[in-house]
Every structure is written in C-alpha cells, then in structure tokens.
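A short worksheet on the structure shown next.
Computed over heavy atoms, backbone and side chain alike; hydrogens, waters and symmetry mates excluded. Lettering of chains follows the sequences in order, A, B, ..., and the numbering in each one begins at 1.
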Amino acid sequence: MTVRLHDTLTGELQALDPLEAGHVRIYSCGPTVYGPAHVGNFRSFLFADVLVRYLRWRGYRVTWVMNLTDVDDKIIRGAASEGIGIEALAARHIEGFLADAATLRMTTPDVLPRATAHIPQMVELVETLLERGHAYRTDDGSVFFRIASWPAYGRLARLDPDAMRVGERVAADEYSKDDARDFVLWKAAKPGEPSWDTAVGSGRPGWHLECSAMSMAYLGRSFDIHTGGVDLVFPHHEDEIAQSEAATGEPFVRTWLHCAHLQMGGRKMAKSEGNIARVSELLASGLEPRALRYALIAAHYRTGLSFSDESTGAAAAAVARLDALVAALAAYASDVPDDPGLPPVIGAAREAFAVAMDDDLGISAALAAVFELVRDVNRRIAARTISTADARRALDALRDLDRVLGVLPDAGEPALGADLAELLDLRAAARAARDWAASDRLRDELAARGIAVEDSRDGQRWRRVGVPSGA
RNA sequence: GGCGACGUACCCAAGUGGUUAAGGGGGAGGUCUGCAAAACCUCUAUGCGUGGGUCCGAAUCCCACCGUCGCCUCCA
C-alpha cells in the first residue's frame with residue numbers, strides 16, 4: 001500500500017515517494033497575523049495537520065513547516081490605526097493563532113518561521129533573480145518578477161497569462177511595472193512604512209517571496225509537499241513556483257495539495273464576504289473544541305465543506321458517541337474469557353481506515369471504518385462477550401486511530417474536583433440504598449455542572465459534557 | 001469572457017462500471033433500565049439534478065440542458 005495524493009499541478013493522483021526515503025518534508029501556508037484567524041483558515045491548517053498526523057501514523061518521519069506572515073499591507077494598516085508597531089500587532093495575533101491552534105489540537109509544526117526573521121534569505125533570492133534576468137527594478141526602487149521570462153507561468157492555475165484580465169478588477173499599475181501581470185518581489189520603502197535596508201535597496205518583501213525563501217531555507221530547494229487553500233493557487237503558489245524555480249533551476253515542489261473552501265450560507269467563508277466565524281466565538285457559544293475540530297476535518301479536503309449550526313451539532317453528536325464508548329470501555333469489567341471475535345474486527349477497522357486514508361486522505365470512508373468499529377464494540381459490550389482485557393484492547397485501538405483524528409477525550413482524565421467526586425459518591429450510596437429520589441437529584445446537580453452520569457451493569461459512570469445552555 | 005469543480009435520503013457526506021447505494025446527524029418504532037441516559041435492533045433514497053446515448057449491466061462513461069460554487073484580485 002502506498003499513500004496517494006492529488007497533485008494540483010498535474011491534476012492526478014501521485015504515489016507519495018519522498019525525496020529522502022521515509023522522510024516527508026511539508027510546507028504549509030500559514031496565517032497572516034493581522035487579525036484572528038477564522039475557522040475557514042483553520043480548515044486548511046487542520047487539513048495539513050491531519051496529513052502530517054496520518055503520515056506519522058503510517059510510519060513516516062515528517063518535517064512540517066508553517067510560515068507566519070508578520071509583515072504585509074494589512075498588518076501595516078492595522079498597526080498604524082492602533083498607533084503601535086507591526087511587531088506588537090503581529091505578536092498579539094501570533095499568540096492568538098497558537099492558542100486557537102492548540103485548542104483545536106493542531107499538531108505544532110516543527111518550524112514556524114516568521115517573515116521578518118528571514119529578510120536576508122529573501123534578499124538573496126531577489127539578487128539571484130536580478131542576476132539571472134528574471135527580475136527588474138523600477139524607478140521607485142521596487143523589484144518585480146518578469147513573467148515574460150518564465151514560460152511555464154500559469155501552469156499550476158491552468159491560466160493563460162495572455163488571457164488574464166489584468167486591470168479589470170484591480171488597479172493595474174501602481175508601481176509602473178513593465179508588464180501589468182508582473183508581481184512584486186521587493187516593495188520600495190515608503191514613508192511611514194516599516195522597511196529594511198538591504199543589498200537590493202530599502203524596502204520590504206512581497207508576500208510570495210517569503211514563502212519561497214522560508215520553505216527552501218528549512219526544507220531545501222526541492223521538497224515533497226506544499227499545502228494551502230485553493231484560493232492560494234493563484235497567484236500565490238503560481239508566483240512561488242516561478243520565482244523559486246527561476247532562481248534555483250530546480251523543481252520546487254513535488255506535490256501541491258489544496259483544500260477547498262469552507263462554505264457558510266452557500267458561499268466561501270471569507271472576511272471579504274462578511275460570513276466568518278471565529279474559534280473563540282464558537283467556543284463561547286458552547287461548542288466543544290473537539291466537536292469544532294471534527295466538523296472541520298470530517299469531509300474530504302478537496303470538497304467544499306458546509307459549516308453551520310447543523311454541521312457543528314452533528315459533529316458534537318458524533319464526538320459524544322465516541323466519548324460514550326470510551327467511557328463505557330474504561331468502566332467495563334468482566335472476567336469472561338477473551339472474545340476471539342474482537343481482534344479481527346479491530347484489524348479490519350484499522351485496515352479499512354488505512355486504505356481510505358491512503359487514497360488521497362479519504363477521511364469520510366476512514367470515519368465510517370471507525371464508526372463501524374464503534375458499533376461492533378458497543379454490541380459486544382451490551383452482550384458482555386468481551387473480557388476486561390478486551391475492553392482495554394478496544395480502547396487502545398480507538399486511541400491509536402485517534403492519533404490521526406485527534407478528537408477523543410484526553411487519556412489522562414483530569415481528576416474531578418473533590419466536590420464533584422463527593423457528589424458521585426453520595427449518588428452511589430443513594431443508589432445502593434435504592435433512594436431513587438436522592439439519586440435523581442444528584443444526577444441533575446451533576447448534569448448542571450457538566451458531568452453526565454449514566455448507570456450500567458458496571459456501575460455508575462460519568463463523562464464530561466458541555467454545561468447545558470441556560471443552566 | 002476564460003478556466004475548474006460540483007449537484008447522492010430531512011441535513012451533512014462516501015461511493016466513480018457489476019451482489020441488498022458507506023458513515024454521521026435528525027426522525028419513527030422497539031429492547032434494556034427504578035426512571036433516565038447511553039447502547040443495541042428495525043424502519044427512514046427500487047433510486048443518485050433533468051433528458052438522451054454507450055454497454056449484457058451506469059450514481060459511476062459520453063452528449064445536451066438546468067442549477068450551485070470556486071479561481072482569473074487581497075484571501076486558507
């Protein structure tokens with residue numbers, strides 16, 4: 001079995017064949033830290049997260065780099081309007097991004113390079129491009145990439161440069177370029193804007209340049225996988241390819257992966273569309289982080305994903321179903337012999353999961369395999385055909401698959417507060433005395449404090465749930 | 001105008017030539033339970049936008065039409 005991924009450049013599935021055997025190098029376009037990221041942004045980050053998790057689960061070593069764009073027009077504008085420096089604004093939103101990412105259980109990338117910390121690498125790229133005749137300087141000191149010097153331009157986005165409708169929706173010529181389609185590598189310093197004094201003049205880097213410089217700095221001139229949202233295909237990634245390959249003369253990226261947009265209200269979620277939802281707002285409304293994560297990763301990455309109260313509600317219910325099984329397995333005890341039917345069921349689930357994920361990260365089918373395992377194990381619990389050791393095996397299997405999904409409750413259950421533990425003890429005592437009125441009262445009280453209590457043959461068991469709204 | 005996706009049940013969403021069209025959510029009924037909850041069982045698309053065509057056979061391939069979305073601009 002091999003992992004196969006859909007490459008945007010060729011439009012075909014490609015077998016993963018890392019440049020260095022067993023080691024996959026991945027670069028993901030990260031956030032521009034001018035404001036809080038929205039959950040549409042996080043769909044693309046979590047898609048990369050699932051890719052990285054899966055490849056590691058599959059036994060690959062993975063080096064994952066995600067950039068933080070900490071200098072650009074929006075950051076400069078935002079900082080100016082607050083009367084602070086861009087460093088302060090960026091630092092604030094980097095902190096927010098990392099907090100949201102942690103909340104959503106995104107794997108921390110191995111490197112989180114910041115643009116402003118890599119100016120020398122960018123300048124070097126610009127110098128090389130100038131030397132090789134792929135770039136030119138304009139009167140104001142900016143440097144542009146000459147698209148006419150790069151015949152392959154437009155291949156990734158399948159755009160014909162001659163047919164590009166430049167100028168229709170955007171002011172065509174603010175820097176007196178030779179060709180309106182040329183893109184900026186280095187922006188000449190302007191009064192009131194941050195700038196760096198460098199060998200290519202005083203100014204600041206263009207957006208596309210930073211990703212080329214930082215990806216190659218950490219992953220080499222050629223690396224395996226580059227991810228991002230579809231909206232980055234053009235011009236961002238197209239420009240990255242042009243400037244990187246023109247500078248190095250080597251193939252830049254082996255496989256381009258792009259995830260489709262998160263949809264809300266029938267349109268892509270975007271700040272410009274005015275239909276964004278942020279992590280903090282959703283959490284404040286009572287949505288569990290794990291449910292949000294599930295809602296964002298549960299559909300195939302190349303199809304538009306509808307995001308709504310209904311989708312997050314369904315995700316929360318799905319996660320609760322998993323939680324219930326985890327709680328049941330943790331509480332389960334039976335001294336019957338091991339169930340010989342269980343290992344094959346676990347093996348089949350694992351196999352189906354891997355087959356699905358190998359096929360271009362087919363997470364829907366992978367989740368189906370997980371839930372088929374869930375139903376089967378629930379059946380065996382109800383029939384009490386499994387042993388205590390079997391319950392542990394089933395739980396281990398679930399946790400193993402969850403290394404990829406990241407939606408199960410934490411293994412190290414944080415201990416209950418003494419007050420809650422006492423309520424549980426009181427309820428157990430009431431039940432032993434068949435005092436149903438006291439038992440129900442205590443159940444209600446626990447529920448109001450976010451603890452669902454259920455009774456089973458294995459005794460009373462509890463799990464954390466959201467506190468009911470209005471409670 | 002160019003390019004590219006997609007339209008599968010009440011909702012979300014797999015399936016891309018061949019037994020009964022995954023899975024999650026929701027709904028209905030049932031089992032279990034002191035009551036609940038959870039779980040389990042049964043049911044909820046003879047049909048996959050519409051109309052043609054190819055084929056022994058199509059949700060899956062081809063054509064046309066209708067509809068939706070995305071990119072060609074900053075954007076994950």
Side-chain angles (χ1 to χ4, degrees), chain A residues 8 11 28-32 34 37-48 72-74 154 157-172 181 207 227-236 238 258-263 266-273 294-295 298-300 302-325 327-328 352 356 362-372 374-383 431 434-437 439-440 443-444 447 452-457 461 463 465:
Chain A
T8 306
S28 297
C29 280
T32 297
Y34 67 99
H38 56 71
V39 292
N41 300 327
F42 272 104
R43 185 199 188 184
S44 115
F45 306 146
L46 292 180
F47 138 66
D72 93 317
D73 293 352
K74 288 175 182 169
R158 291 176 173 68
L159 285 173
D160 175 2
D162 294 332
M164 280 169 45
R165 311 179 105 190
V166 171
E168 177 157 315
R169 293 200 287 171
V170 130
R181 301 163 307 181
W207 176 40
T227 78
V230 277
D231 46 5
L232 297 188
V233 172
F234 191 92
H236 187 52
E238 190 73 59
H258 292 99
C259 79
H261 283 127
L262 191 63
Q263 310 264 134
R267 313 202 76 84
K268 76 164 177 174
M269 183 180 290
K271 208 172 179 188
S272 56
E273 301 271 345
Y294 187 98
H300 184 86
R302 282 191 289 113
T303 65
L305 171 59
S306 310
F307 188 83
S308 63
D309 288 348
E310 275 203 316
S311 76
T312 54
V319 169
R321 181 163 162 77
L322 296 172
D323 287 1
L325 177 56
I363 196 158
S364 294
L367 286 170
V370 171
F371 281 102
E372 272 164 23
V374 168
R375 185 173 340 95
D376 192 285
V377 172
N378 270 325
R379 237 185 322 237
R380 289 170 199 271
I381 289 173
R431 294 186 60 72
R434 301 183 71 78
D435 181 352
W436 308 129
S439 167
D440 291 351
R443 180 168 63 200
D444 290 343
V453 187
E454 294 160 5
D455 302 306
S456 73
R457 279 185 58 174
R461 69 182 175 227
R463 60 196 164 90
V465 295

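Take A:A298 and apply the side chain to side chain contact (heavy atoms under 4.5 Å, CB included) test, not counting sequence neighbours, and it matches A:Y294, A:L367. A:T227 pairs by the side chain to side chain donor-acceptor pair (under 3.5 Å) definition with A:S28, not counting sequence neighbours. Here A:F47 pairs with A:Y301 under the ring pair (Phe, Tyr, Trp, His ring centres under 6.0 Å) rule; sequence neighbours left out. Checked against salt bridge (charged side-chain N to carboxylate O under 4.0 Å, His left out), A:D231 has no partners two or more places apart in sequence or in another chain.
For the C1' atoms, the distance from B:A9 to B:A21 is 11 Å, rounded to whole Å. To the nearest whole angstrom, the two C1' atoms, one in B:U33 and one in B:G24, are 26 Å apart. Only the P atoms considered, B:A28 is 45 Å distant from B:C65, to the nearest whole Å. Taking the C1' atom of each, B:U54 and B:C10 are spaced 35 Å apart, rounded to whole Å. Comparing the same atom, C1', in B:C56 and in B:G2 gives a spacing of 42 Å after rounding to whole Å.
Rounded to whole Å, the distance from CZ on A:R380 to C1' on B:C41 is 16 Å. As rounded to whole Å, 13 Å separates atom C1' of B:C74 from atom CG of A:N41. Straight-line distance from the CG atom of A:L159 to the P atom of B:G1: 17 Å, rounded to whole Å. Regarding A:L262, its CG atom lies at a distance of 14 Å from the C1' atom of B:G70, rounded to whole Å. Protein atom CG of A:L232 is 13 Å distant from nucleotide atom C1' of B:U73, rounded to whole Å. Distance CD (A:Q263) to C1' (B:A5): 11 Å, rounded to an integer number of Å. A straight line from CD of A:E454 to P of B:C32 spans 19 Å, rounded to a whole angstrom. At whole-Å resolution of the value, NE2 in A:H261 and C1' in B:A76 are 7 Å apart.
The shortest side-chain heavy-atom distance between A:I381 and A:L325 falls under the 4.5 Å cut-off.
Once rounded to the nearest 0.5 Å, the distance linking CG of A:L305 with NZ of A:K268 reads 15.5 Å. Summarising the geometry, atom NZ belonging to A:K271 is positioned 7.0 Å from atom NZ belonging to A:K74; distances are rounded to the nearest 0.5 Å. One finds the CZ atom of A:R463 at 6.0 Å from the CG atom of A:D323 (value rounded to the nearest 0.5 Å).
Listed nucleotides B:G34, B:C3, B:G2 differ in distance to A:R158; the shortest reach to its side chain belongs to B:C3.
A:R461 has no side-chain polar atom (N or O) that falls below the 4.0 Å cut-off from OP1 or OP2 of B:A38. For A:R302, no side-chain nitrogen or oxygen approaches OP1 or OP2 of B:A5 to under 4.0 Å. Dashed line: the shortest gap from a side-chain N or O of A:R443 to OP1 or OP2 of B:A37 is not under 4.0 Å. Between B:A39 and A:N378, no contact under 4.0 Å exists linking OP1 or OP2 to a side-chain N or O.
The backbone N or O of A:Y34 lies less than 3.5 Å from no partner atom in the side chain of A:T32, so there is not a single donor-acceptor pair. Remark: the backbone N or O of A:A260 is paired with a side-chain donor or acceptor of A:R43 at under 3.5 angstrom. With A:E238 contributing its side chain and A:G154 its backbone, the two residues share a donor-acceptor pair below 3.5 Å.
Side-chain atoms of A:D455 and base atoms of B:C35 include a donor and an acceptor less than 3.5 Å apart. You'll find a donor-acceptor pair under 3.5 Å spanning the side chain of A:D440 and the base of B:G34, going by distance alone. In this model, a side-chain donor or acceptor of A:R431 finds a partner on the base of B:G34 within 3.5 Å. One cannot find a donor-acceptor pair under 3.5 Å joining the base of B:C72 and the side-chain atoms of A:R181.
Counting non-hydrogen atoms under 4.0 angstrom, A:P235 reaches the backbone sugars and phosphates but no base. Using a 4.0 Å heavy-atom criterion, one finds that A:A260 contacts the bases of the nucleic acid, with or without backbone contacts as well. Across all strands, A:I381 comes closer than 4.0 Å to no nucleic acid atom at all (heavy-atom distances). Note on A:K271: nothing from the nucleic acid sits closer than 4.0 angstrom, heavy atoms only.
Position along RNA chain B of the nearest nucleotide to A:K268 versus A:R379 favours A:R379 as the more 5'-ward residue. Residue order along RNA chain B, read from the 5' end via each residue's closest nucleotide, puts A:S439 first among A:F45 and A:S439.
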Between protein and nucleotides 10-27 of chain B, map the contacts as a letter string: B base, S sugar-phosphate only, - none, heavy atoms under 4.0 Å, written 5' to 3'. -SSSS-------BSSS--
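Helical stems in RNA chain B, defined as runs of 3 or more consecutive Watson-Crick or G-U wobble pairs with donor-acceptor distances under 3.5 Å: B:1-7 with B:66-72, B:10-12 with B:23-25, B:26-31 with B:39-44, B:49-53 with B:61-65.
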